[in-house]
Amino acid sequence: MGSDVLPGGLKILDCEPKDWYVVFDPVASAKWIDWLACGRFKHVSCFGFVERAQTWVFFDFQLDRSRLYVVGNHEADILIGAYSTGKTVVRMATPLIPDFSKNWTTGLWCVPAVAHILGLKTCALRPDALFRQCLAQGGEIIGPEG
């Protein structure tokens, strides 16, 4: 069994989103974050659709803990709206062939956590830098109608 197959014969690529939607938020949750994350964006999170399960997965690294939400396709519009309203959303395609080499992260806050989920090898420390990296690596800004 190859490393791209889970026990029971499930392919890894069938169990995760084909595209990730990376949400760049211009509003900080605390005053000190507003100062620390100087630039346009203050926070980043992501979500994606898992076709096999017909569910949406939302990931949000926050100060108290990481939050992972799994929502059925039939009710996801509410959470997608809450995640994207007033924010900039970038669609990132998951690589067709997973790269199983090491991808170390530099810290434990929203930027390296989301970059690690996306599989980006980046040294971005702030949301603005991750935004530029996403666009440089094929990300596409999508509008509210997307």
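Residue numbers count from 1 along this sequence.
Summarising the geometry of Ala82 relative to Lys87, their closest heavy-atom pair is O-NZ, 3.1 Å, with the distance given to 0.1 Å. Contact between Val111 and Ala124 at its shortest, heavy atoms only, is CG1-O, 3.5 Å. Pairing each heavy atom of Ser66 with each of Phe61, the nearest pair is OG-CD1, 3.1 Å. When all heavy atoms of Val114 and Val44 are compared, the closest pair comes out as CG2-O, 3.8 Å. The nearest pair of heavy atoms linking Trp20 to Val57 is CZ3-O, 4.1 Å. Minimum interatomic distance between Asp19 and Ala93 (heavy atoms only, all atoms of both residues): OD1-CA, 3.3 Å.
For Trp109 (side chain) and Arg126 (main-chain N/O), no donor-acceptor pair under 3.5 Å exists by modelled atom type. A donor-acceptor pair is defined here as one N or O able to donate and one able to accept, closer than 3.5 Å; no such pair exists between the side chain of Asp25 and the backbone of Lys42.
Using a 4.5 Å heavy-atom threshold, the side chains of Phe24 and Leu130 count as touching. At a threshold of 4.5 Å between non-hydrogen side-chain atoms, the residues Asp60 and Phe47 do not count as touching.
To the nearest 0.5 Å, atoms NE2 (His74) and OG1 (Thr55) are separated by 11.0 Å. Note that OH of Tyr83 is 14.0 Å distant from CD1 of Ile78, once rounded to the nearest 0.5 Å. Rounding to the nearest 0.5 Å places CG of Asp77 at 9.5 Å from OG of Ser84. The structure places CG of Leu13 at 13.5 Å from CD of Glu51, a figure rounded to the nearest 0.5 Å. A distance of 9.5 Å separates CD of Gln137 from CG of Leu118, quoted to the nearest 0.5 Å. Ile117 contributes atom CD1, which lies 13.0 Å from atom CE of Met92 (distance to the nearest 0.5 angstrom).
Exactly one residue among Ile142, Val22, Ile141 makes a side-chain contact (heavy atoms from CB on, under 4.5 Å) with Arg91. That residue is Ile142.
Linking ILVMFWY residues whenever their side-chain heavy atoms come closer than 4.5 Å, directly or via other members, places Val23 and Tyr69 in the same cluster. Val70 and Leu79 fall into different hydrophobic clusters, where Ile, Leu, Val, Met, Phe, Trp and Tyr are joined by side-chain heavy atoms under 4.5 Å apart, directly or via other members. In the hydrophobic cluster analysis, where Ile, Leu, Val, Met, Phe, Trp and Tyr join through side-chain heavy atoms closer than 4.5 angstrom, Leu125 is grouped together with Leu135.
Ring-plane geometry between Phe49 and Trp56 is classed as tilted, the angle between the planes lying from 30 to 60 degrees on a 0 to 90 degree scale.
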